[in-house]
Amino acid sequence: MEPSETERYDPAAIEAKWQAFWSAEDAFVVPNPDFGSRSTAELQSTYVLEMLPYPSGELHMGHVFNYTLGDVFTHVRRRQGHTVLRPMGYDAFGLNAENAAINEGGHPREITARNIESIRRQMKRMGWAIDWSREVSTAEPEYYRWTQWLFLRFFERGLAYRREAPVKWCPKDQTVLANEQVIDGRCERCGTEVEARNLTQWFFKITDYADQLLDEMDLLESWPERVLTMQRNWIGRSEGARVTFKVEGSDGELPVFTTRPDTLFGATFFVLAPEHPLIGTLTAGSEYEAPVADYVRHTAGRSAVERETKEKDGVFTGRHAVNPVNGEPIPIWVADYVLMEYGTGAIMAVPAHDERDHAFAEKYGLEIRQVVAPAEGGRPADAGAFVAHTDDEVLVDSGEFTGLAAPAGKKAITAWLDERGLGEEAIGYRLRDWLLSRQRYWGCPIPIVHCETCGSVPVPDEQLPVLLPEIDDYLPKGKSPLAAAEGWVATTCPSCGGAARRETDTMDTFVDSSWYFLRYADARNDEAAWDQQVVDYWLPVKQYIGGVEHAVLHLLYARFFTKVLNDIELLGFREPFSRLFTQGMIYRHGAKMSKTKGNVVSPDAAVERYGADVLRLYILYMGPAEQDKEWSDDGIEGTARLVDRIWRLALAVAQRGPVDAPAGGELIRAAHRTIDRVSDDILRRFQFHTPIAALFELVNEIYRVKDDPASAGEVRFATETALSLIQPYAPHVAEELWERLGNSRLWELPWPEANPALVATDTVEIVVQVNGKLRDRLQVPAGTPEEELVERALASERVRAHVDGEPRRTVVVPDRLVNVVV
RNA sequence: GCCGAAGUGGCGGAACUGGCAGACGCGGCGGACUCAAAAUCCGUUGCCCGCAAGGGCGUGUGGGUUCGAGCCCCACCUUCGGCACCA
């Protein structure tokens with residue numbers, strides 16, 4: 001039945017044709033509902049969102065994977081009758097464009113515009129069903145005006161504030177970094193070792209939301225456990241006590257935070273962070289003043305990495321702290337294994353029960369006193385730090401608390417301290433406030449004016465946006481390049497009218513991306529950042545898709561923003577993303593694709609060679625979406641063959657003309673089974689590679705009988721089913737063939753539904769085992785009663801060969817298996 | 001060190017709820033078509049023994065539970081990811 005001269009599959013022509021068609025029709029544009037005329041409750045809205053790209057100029061396979069995954073899901077949901085919001089935009093501020101401007105000349109704005117144009121063209125070439133009418137770029141004044149407006153709302157509430165603090169500084173990028181942007185003591189962007197600096201910087205008070213960020217994880221419908229774990233670890237909540245030690249021979253007090261108040265009797269020394277403000281006072285005038293000052297100065301010169309990796313060291317201050325629980329004086333040391341940023345910058349050291357304290361005590365010959373031991377008696381012989389982990393341990397040598405189980409001792413000692421005003425329950429967090437200011441040009445200006453008399457004054461809303469000034473020299477100098485724009489910096493104070501200067505730092509780009517998903521809902525609104533009714537209609541995002549690398553960056557920040565905006569009644573929900581899916585990375589030759597490694601496969605080249613449809617199919621066929629995957633140049637040939645087989649099949653079917661399908665032939669049943677598998681995999685299991693395997697199988701089955709004239713009706717039905725099911729993956733070729741079969745507008749056709757009667761088979765194969773080993777198979781009608789199955793199993797020659805005498809018992813799983821035990 | 005995920009043919013992977021291990025694809029092998037090649041189509045492809053019928057082994061390792069384990073439990077090994085002076 002092959003036509004004598006089969007027209008060749010020409011993806012370039014077909015894809016261009018349909019892309020132009022859909023674009024002209026605004027096929028995937030989804031206007032906001034008219035809230036005045038109908039109830040929003042009757043509309044089934046679904047917001048599908050993928051993390052927005054940084055426009056580096058090149059779409060890469062990670063993008064192709066991410067957006068194709070979202071696209072398939074979008075198509076299926078749309079065809080199920082959902083109104084799906086599926087927008088796209090660009091995270092356009094940032095160092096890449098600025099560095100390109102420095103290296104190659106040109107303005108970051110022009111470079112960014114060029115990159116956006118190029119990445120947009122590539123995205124359109126992939127044929128994704130995106131609502132382009134909502135396109136947003138975070139570097140446009142129409143967008144960043146509202147980023148500034150939101151910053152001011154945070155500022156009003158005291159959630160954006162400025163203070164001097166030790167911060168992480170990247171010497172290469174010449175800017176500060178948020179804690180989340182430091183990986184192993186190195187800059188997340190460029191890998192340079194970060195330095196510590198004391199600077200006055202802008203922060204968001206994310207620590208105020210630490211508990212809510214933890215507790216409200218319960219509101220999330222489906223997030224990967226590993227992302228939640230990473231966020232929990234990052235927030236690092238730990239419960240313990242704040243205990244006040246007095247300085248011997250003075251009125252001075254030194255509070256500490258500890259998670260182990262039960263070990264208070266084992267505190268044999270006391271340690272201050274080198275940055276601790278009281279060090280000077282404690283040592284003033286003594287023989288220890290100079291060596292301690294030396295040590296502090298020396299520490300300041302150490303890099304963060306060096307400080308963390310070197311052996312612990314420190315210096316004695318000559319002073320003592322009084323243990324509140326027994327009045328015992330213990331020596332106060334200064335050591336840089338104690339961090340000023342956590343707790344109170346001071347610790348009580350319990351060397352018997354803390355490994356770090358133990359190492360320090362060993363080195364300097366300080367007393368090690370065990371106060372917790374296993375309940376069954378006998379102390380561990382080993383002199384190393386014995387860290388209590390279980391509830392079975394009891395306090396020893398701890399005064400009136402001796403004999404209590406460790407958890408009870410913890411409570412009892414805390415209560416004892418609390419009664420005497422010497423301590424109280426306390427909670428510590430690892431999370432630090434989000435350092436948001438950057439000393440770079442290409443970012444959102446912070447809308448603040450500094451006035452000698454009024455301090456930090458917000459720019460009034462009606463003066464927004466504070467436009468990024470034009471400058472010639474983007475080179476980072478350790479302070480913001482904006483400072484050079486003298487005419488821009490000099491301004492008047494909005495409060496007193498006197499001379500004032502603009503804030504010259506720009507915002508971390510993660511601020512821009514902490515609310516973009518809200519803007520999409522109402523992207524063209526020039527009166528407000530968004531209309532709450534519109535945002536509340538679309539959000540929370542029903543399905544968010546992106547890389548796991550944002551677990552403690554974007555995903556944490558966006559949750560924080562949403563909570564704040566809900567608190568100030570701009571949003572009606574607490575969590576931005578109900579369901580999160582984190583996709584794996586794509587590797588080639590065992591490494592992440594990168595230009596320096598020369599292992600990049602560009603989507604452009606793949607589209608050029610195979611077409612977008614084939615690339616879309618292959619990228620999802622490679623393996624489970626959540627796992628890392630290895631790109632194979634040969635592998636894509638398989639999906640190219642699949643498309644080609646469908647192409648030739650459908651053309652042949654079209655040439656034969658319409659035929660009625662019989663009610664329930666084998667191929668009809670196969671088609672229904674495929675509908676069932678594909679739908680279940682995508683919608684229930686959120687699995688995208690096995691549906692393609694199911695389509696391969698269906699097409700293979702069609703090929704087996706396609707030339708048999710008696711099967712013509714079944715072949716046509718199965719072919720149309722295959723086209724309908726492959727449409728979300730390969731929309732162009734599916735649409736083209738659908739049209740050639742005399743139909744139209746496949747992309748808006750209802751998603752097929754399997755007929756359960758046709759999915760079930762009427763004969764089933766029963767596996768017969770003897771002692772759990774496969775011995776025979778039986779073909780029986782579905783629903784055959786157990787006794788009959790056993791009878792038939794025992795009658796089998798192959799079974800009898802392995803059964804000697806009477807079986808001890810038989811196990812039957814209806815319609816599946818019989819196991820004969822002898 | 002702590003936390004998490006994962007180990008299945010030559011390769012990517014499938015096996016959803018404890019019930020036929022290896023679906024589907026890549027690669028390999030054989031055949032058809034062709035002067036030939038490519039493309040295409042058909043068949044075959046876990047390992048071992050056997051002419052065959054058939055049998056044995058097999059999901060990182062060792063044990064356990066079960067009529068039955070890739071899946072559950074215990075211990076271990078390896079790989080990947082995250083966190084890591086957080087008191």
Side-chain angles (χ1 to χ4, degrees), chain A residues 2 6 183-185 224-234 236-238 240 256-260 263 271 273 307-310 312 335-339 341-350 353-357 359-360 387 428-432 548-549 551-552 584-585 618 621-624 626-639 641-642 644-645 648 677 680-681 684-685 687 689-697 699-700 703-704 707 765-777 798 801 807-813 816-822:
Chain A
E2 288 282 319
T6 308
I183 312 288
D184 289 332
E225 198 47 51
R226 65 171 166 163
V227 173
L228 297 178
T229 304
M230 282 162 76
Q231 292 206 355
R232 271 188 216 106
N233 289 344
W234 190 259
R237 179 187 153 106
S238 45
V256 300
F257 172 71
T258 176
T259 54
R260 299 293 309 277
T263 64
V271 190
R307 182 165 168 173
E308 278 179 32
T309 50
K310 66 159 183 60
K312 302 195 187 326
D336 66 358
Y337 78 93
V338 174
L339 308 175
E341 309 96 88
Y342 186 76
T344 61
I347 62 157
M348 62 175 216
V350 184
H353 305 292
D354 181 281
E355 287 178 35
R356 297 150 300 172
D357 297 343
F360 195 82
V387 182
Y429 298 93
R430 191 188 166 284
L431 183 71
R432 307 284 146 76
V548 74
E549 66 273 18
V552 292
M585 288 212 293
Y618 177 60
Y621 187 56
M622 280 166 53
E626 68 279 8
Q627 278 175 31
D628 289 343
K629 287 163 289 281
E630 172 78 19
W631 174 274
S632 150
D633 297 318
D634 291 327
I636 194 170
E637 298 283 352
T639 47
R641 275 198 276 267
L642 173 67
D644 208 48
R645 273 159 78 82
R648 283 179 282 120
R677 280 173 67 185
D680 189 58
D681 282 351
R684 183 177 63 84
R685 303 175 70 196
Q687 189 165 291
H689 62 311
T690 45
I692 301 173
L695 284 164
F696 266 109
E697 285 180 63
V699 171
N700 288 344
Y703 260 70
R704 250 166 245 144
D707 295 324
E765 191 180 67
I766 302 290
V767 169
V768 185
Q769 299 175 329
V770 177
N771 289 341
K773 274 198 187 305
L774 173 71
R775 293 304 175 187
D776 202 1
R777 296 158 203 270
R798 298 183 198 198
R808 202 137 46 95
R809 62 180 285 203
T810 51
V811 179
V812 181
V813 182
R816 295 197 97 141
L817 134 163
V818 176
N819 188 15
V820 180
V821 186
V822 295

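A quick note: this is a predicted structure, and the numbers were derived from the prediction, not measured. Throughout, a chain's letter reflects where its sequence line sits, starting with A, and its residues are numbered from 1.
- The side chain of A/A693 has B/C24 as its nearest neighbour among B/G27, B/A15, B/C24.
- With rounding to whole Å, A/E549 atom CD is found 19 Å from B/C80 atom P.
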### Task
Do nucleotides 38-49 of chain B as a string where each nucleotide becomes B, S or -: B if the base has a protein heavy atom under 4.0 Å, S if just the sugar-phosphate does, - if no protein is that close.
--SSS-------
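- Figure legend. B/G81 is base-paired to B/C3; pairs are counted as Watson-Crick or G-U wobble with both atom distances under 3.5 Å.
- Checking side-chain atoms of A/D628 against main-chain N and O of A/M585 turns up a donor-acceptor pair under 3.5 Å.
- A/I347 has its side chain within reach of A/Y337: a pair of non-hydrogen atoms, C-beta onward, lies under 4.5 Å apart.
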### Query
Can you list the steps and then say if A/N819 with A/T810 is a side chain to side chain contact (heavy atoms under 4.5 Å, CB included)?
CA-CA 6 Å; A/N819 188 15; A/T810 51; over 6 Å; no
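- Residue A/R226 contributes atom CZ, which lies 7 Å from atom C1' of B/A5 at whole-angstrom precision.
- Remark: A/Q687 is in phosphate contact with B/A15, judged by side-chain N or O atoms under 4.0 Å from OP1 or OP2.
- Residue A/S632 is classed as having no contact, given no heavy-atom separation below 4.0 Å to the nucleic acid.
- Counting heavy-atom neighbours within 6.0 Å of A/R232 CZ, excluding the residue itself, gives a total above 12.
- Partner assigned to B/G68 is none, using Watson-Crick or G-U wobble distances below 3.5 angstrom.
- The closest donor-acceptor contact from the side chain of A/Q687 to the backbone of A/P624 lies at 3.5 Å or more, if one exists at all.
- A straight line from CD1 of A/I183 to C1' of B/G82 spans 10 Å, rounded to a whole angstrom.
- To the nearest whole angstrom, the two C1' atoms, one in B/G58 and one in B/A52, are 24 Å apart.
- On the C1' atoms, B/A32 is 15 Å away from B/A37, given to the nearest whole Å.
- Both distances falling under 3.5 Å, in either a Watson-Crick or a G-U wobble arrangement, place B/U40 opposite B/A32.
- Here the separation of B/C74 from B/U65, taken at their C1' atoms, is 11 Å to the nearest Å.
- Here the closest heavy-atom approach between residue A/F360 and residue A/A335 is recorded as CE1-CB, 3.7 Å.
- Atom C1' of B/C83 sits at a distance of 31 Å from the matching atom of B/G12, rounded to the whole Å.
- Under the rule for a side chain to side chain contact (heavy atoms under 4.5 Å, CB included), the partners of A/D634 that lie at least two apart in sequence or sit in another chain are A/S632.
- Using a 4.0 Å heavy-atom cutoff across all strands shown, A/R677 reaches no nucleic acid atom at all.
- Residue-level contact check: A/E225 touches neither bases nor backbone, having no heavy atom under 4.0 Å from any strand.
- The nearest pair of heavy atoms linking A/G345 to A/V338 is O-CG1, 3.6 Å.
- Side-chain atoms of A/Y621 never come within 3.5 Å of backbone atoms of A/G638 as a donor-acceptor pair (strictly under, hydrogens ignored).
- Rounded to a whole Å, the CG atom of A/D680 is 11 Å from the P atom of B/U17.
- With values rounded to the nearest 0.5 angstrom, A/I766 atom CD1 is found 9.5 Å from A/R816 atom CZ.
- For B/A15, there is no paired nucleotide, since no Watson-Crick or G-U wobble pair has both relevant distances below 3.5 Å.
- B/G70 and B/C16 have their P atoms separated by 12 Å, given to the nearest Å.
- Closest-nucleotide positions on RNA chain B for A/D357 and A/R684 were compared, and the one nearer the 5' end corresponds to A/R684.
- For the pair A/Y342/A/R432, a side-chain contact is recorded, criterion being any heavy-atom separation below 4.5 Å from C-beta on.
- Across all strands shown, B/C76 pairs with B/G60; the Watson-Crick or G-U wobble distances both stay below 3.5 Å.
- In this structure, A/E355 atom CD and B/G1 atom P are separated by 10 Å, rounded to whole Å.
- Under the Watson-Crick and G-U wobble criteria, each requiring two contacts below 3.5 Å, nucleotide B/G9 is left unpaired.
- Atom C1' of nucleotide B/C20 and atom CZ of A/R775 are separated by 13 Å, given to the nearest angstrom.
- Smallest separation of non-hydrogen atoms from A/V552 and A/W234: CG1-CB, 3.5 Å.
- Scored by the side-chain hydrogen bond (donor to acceptor under 3.5 Å, both in side chains) test, A/D680 finds A/R684 as partners (sequence neighbours excluded).
- Nearest to the side chain of A/I347, among B/C20, B/A14, B/A87, sits B/A87.
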Any N/O pairs under 3.5 Å between the protein and nucleotides 66-70 of chain B? List them or say none.
from: B/C67; atom 1: OP1; to: A/R809; atom 2: NH1; distance (Å): 3.2
from: B/C67; atom 1: O2'; to: A/N819; atom 2: ND2; distance (Å): 3.2
from: B/C67; atom 1: O2; to: A/N819; atom 2: ND2; distance (Å): 2.6

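- Between the P atom of B/A21 and the CG atom of A/L817 lies a distance of 10 Å, rounded to the nearest Å.
- Going from atom CZ of A/R777 over to atom P of B/G19 covers 16 Å, rounded to whole Å.
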### Annotated protein contacts, base or backbone, on nucleotides 7-13 of chain B with a non-hydrogen cut-off under 4.0 Å, one of B, S, - each
-----BS
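- Among the atoms of the strands shown, only primed sugar atoms or phosphate atoms (P, OP1, OP2) are found under 4.0 Å from some heavy atom of A/S238.
- Not counting sequence neighbours, the partners of A/R237 by the side chain to side chain contact (heavy atoms under 4.5 Å, CB included) test are A/D211, A/L214, A/E239, A/I427, A/Y429.
- A pairwise comparison of heavy atoms in A/M348 and A/V256 identifies N-CG1, 3.7 Å as the closest pair.
- B/A6 and B/C72: their P atoms are spaced 9 Å apart (whole Å).
- Taking the syn range as angles within 90° of 0, the glycosidic angle of B/G27 is outside it, so the base is anti.
- Nearest-nucleotide positions on RNA chain B for A/R798 and A/T639 put A/T639 closer to the 5' end.
- Between the C1' atoms of B/A15 and B/A53, the separation comes to 30 Å (whole Å).
- Comparing the C1' positions of B/U8 and B/A69 gives a spacing of 14 Å, expressed to the nearest Å.
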